[in-house]
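Below is one structure, written out as structure tokens, with a few remarks after it.
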Amino acid sequence: MINLMNSHSSSAAETSVDPITLTMWWNKLITIVDESQATLLRTAFSRIVTESWDFSCALFDAKGEMVALGRHGLPAFTGCMMFAMKDFLKSYPRSKLQPGDSLITTDPWIGASQINDVFFVTPIFKDSKLVAFAMSVSHSPDVGGRLLSADSKEIFEEGFRLPIVKLYIAGEPNEDIFRIIRMNVRVPDIVVGDLEAQHAANLITQRRLLEFMDTVQRDNLDDLFEEILTKSDQAMANAIKAIPDGEYYGEAETDGFEKPIRLCCKIIIDGERISVDATGTSKQDKYGINTTWRWSFAEIAFGCICFARPKSPVNSATLKRVSYTVPDGTVINASYPAALGGRALVAAYIPGLIIRTLSQAIQSRAIAETGAPPHLSAYMGRGNSGRRFVDILFANGGLGARPTMDGISAIGFPANVSGVPVEITENEKPFKFLYKELEKDSGGAGEFRGGLGHALALESTSPEVITIAARLDRTEHPAKGIEGGLNGAPANISINGVIIHPKKTSELNKGDVFALSCAGGAGHGRAENRLRASIEDDILDGYISIEEAKRSYGWSEKKRR
């Protein structure tokens, strides 16, 4: 092995990196970003970050190409981050940056299709030379406006937007911007605390990268970054090449707000590239269930990567093998000033649609439909401490069954968000949980059963009104089974036992009970082919009832004996 750590002086021309060193150094970069994510997780104030993990971090080279991504972030942020960095560089080229600067934006057409997602960028300098960028993205609990919801009709209702601006200048906070933020949010200490956590996360990336550069005695890492991008591009090219060339067609239907939404795709596999055309998709909606092009691209790219399975960490080069077209003014390419607060209620269907469509090429990679999107109701009121709160109640549906395995229950897919523990919510908010459990019989029957969805019910103990903005789908369109598997159970949502609109804002008075069940994942393969032992294990584990075992699987006590 060439000892590159000793063979490069700080002034020497850099040469290519040998494979063993490349592997070690690449893993080092990923570890640096992982530490950045851990910093954000441990220093943030909001439960949306500390418990639900709605964030991501990445390292970019000096040209704005994403090189390394943290291993625990929100997958769809990846595709958005790649494009957003180009906008940051356009607004603030090298000549306008200095050590200690940090930039942010909440523009949903630049970032992640929702004002609450804050993009935070810090340029990294070594001896006055720009060598890289650190980026973090985090869901802010509040951005003013009405409560984050799906029933807004214009972006102006959803809060205040920040263009790309400097939040820190030469290491000092831009107090004018901080004052604007504090004046426009309900929980300023928590919002600003999260911003400072994002800043800390970026500074950790900066500190660790500079330490690494000193260790390997380099003034820049350009050749390492270039080698990483080249290897990632080739890994994705090889993965796509393994999928048979052809045109594949798919569509899906969602509940929509007042009427169903249709999603269409034509996927072309041509050698080492994937092209996706979403022509035929429904026009943008008057309510806030729309998404921007960047977020829908991110969901499409995520689906393509899951199916292709490149043997390489994901970065900009991986994503560039996927191209995407969709007409303007559609629900997944909404035009300004469309409302976007409930974007996940449509966009979360996209990865599953992509995977199912591509499974026409390789059937063994098919997965039944998942109980996505997750439940994402935002709620606000006055907490047990007397201070105001704004938060999101996360709950997940079940994963669709796989060709050789049952679906996973209550898992965040495609968004890997998790629910806040009951004990934390009850300690901070005026709620009493009546139950939080897996919904029995919600997974679709099949040779392999779909995963179960979350079910919960909580009672308001607050003397003041609590506002809750429901954001739930699949009440009318349950997850569909494949290869003879049965559908998963639909979602439902109610207050005091009365079914409510799954996407409208409601109020809870003291004693009111808010309850929901997330959609179950669908089954894979015919139910009569399921092993008797698996059925009986499901009964014993409480995943299915005896009535469901008899109805869907033909199970009986006689057969058991």
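Counting begins at 1 with the first residue of the sequence.
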Could you report the tightest heavy-atom contact between [X] and [Y], atom names first, then the distance?
X    : Y    : answer
C57  : S136 : SG-CB, 3.9 Å
K503 : G256 : NZ-O, 3.1 Å
E158 : V143 : O-CG2, 3.5 Å
F514 : S377 : CZ-OG, 4.2 Å
C264 : T281 : N-OG1, 3.1 Å
K429 : N384 : O-ND2, 3.1 Å

Would the distance check show the side chain of [X] and the main-chain N or O of [Y] forming a donor-acceptor pair, the cut-off being under 3.5 Å?
X    : Y    : answer
D142 : R186 : yes
R526 : N529 : no
T461 : P430 : yes
S113 : T291 : no
S52  : V49  : no
D406 : F448 : no
N416 : F413 : no
E369 : G481 : no
H501 : F257 : yes
E426 : E423 : no

Is a donor from one side chain sitting under 3.5 angstrom from an acceptor on the other, for [X] and [Y]?
X    : Y    : value
Y324 : S296 : yes
W555 : E536 : yes
E251 : Y249 : no
D255 : T475 : yes
D473 : T254 : no
D512 : S460 : no
S359 : Q363 : no

Practice task
Quick one: list whatever passes side-chain hydrogen bond (donor to acceptor under 3.5 Å, both in side chains) with R42, sequence neighbours left out.
Solution key: none

Problem - Residues forming a side-chain hydrogen bond (donor to acceptor under 3.5 Å, both in side chains) with T505, sequence neighbours excluded - result: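 side-chain hydrogen bond (donor to acceptor under 3.5 Å, both in side chains) list for T505, sorted by chain: D151.
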
Practice task
Report yes if the distance between the aromatic ring centroids of W295 and F83 is under 6.0 Å, otherwise no.
Solution key: no

Practice task
Assert yes or no for the condition that the ring centre distance of Y379 to F431 is strictly below 6.0 Å.
Solution key: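 So the answer is yes for these two rings.
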
Exercise for the section: Check step by step if salt bridge (charged side-chain N to carboxylate O under 4.0 Å, His left out) holds for R382 and E464. Expected result: CA-CA 7 Å; R382 196 167 298 278; E464 299 183 19; 3.4 Å; yes

Exercise for the section: Go through the steps to decide whether E447 and R530 satisfy the test salt bridge (charged side-chain N to carboxylate O under 4.0 Å, His left out), and finish with yes or no. Expected result: CA-CA 4 Å; E447 181 177 3; R530 187 164 178 79; over 6 Å; no

Practice task
For a salt bridge (Lys or Arg N to Asp or Glu O under 4.0 Å) with R449, tell me which candidate from D541, D441, D537, D538 qualifies.
Solution key: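 For R449, the salt bridge (Lys or Arg N to Asp or Glu O under 4.0 Å) test succeeds with only one of D541, D441, D537, D538, which is D538.
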
Handout entry: Basic-acidic side-chain contact under 4.0 Å: E253, R262
Key = no

Handout entry: Basic-acidic side-chain contact under 4.0 Å: R551, E548
Key =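 Salt bridge flag = yes for E548 with R551.
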
Practice task
Evaluate side-chain contact (heavy atoms from CB on, under 4.5 Å) for N116 paired with L148, printing each intermediate quantity in order.
Solution key: CA-CA 8 Å; N116 296 69; L148 178 62; 3.6 Å; yes

Practice task
Run the numbers on H524 and M405 for side-chain contact (heavy atoms from CB on, under 4.5 Å), then give the verdict.
Solution key: CA-CA 9 Å; H524 189 298; M405 299 177 71; over 6 Å; no

Handout entry: Parallel, tilted or perpendicular, as decided by the 30° and 60° cut-offs, for the rings of W53 and H72
Key =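 Taking W53 first and then H72, their aromatic rings stand perpendicular (interplane angle over 60°).
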
Exercise for the section: With side-chain contact (heavy atoms from CB on, under 4.5 Å) as the test, would you mind laying out the steps for R343 and D117 before giving the verdict? Expected result: CA-CA 12 Å; R343 52 126 206 255; D117 291 323; 3.0 Å; yes

Completion exercise
Result for side-chain contact (heavy atoms from CB on, under 4.5 Å) between C304 and one of I269, I354, I240, T318 points to I354

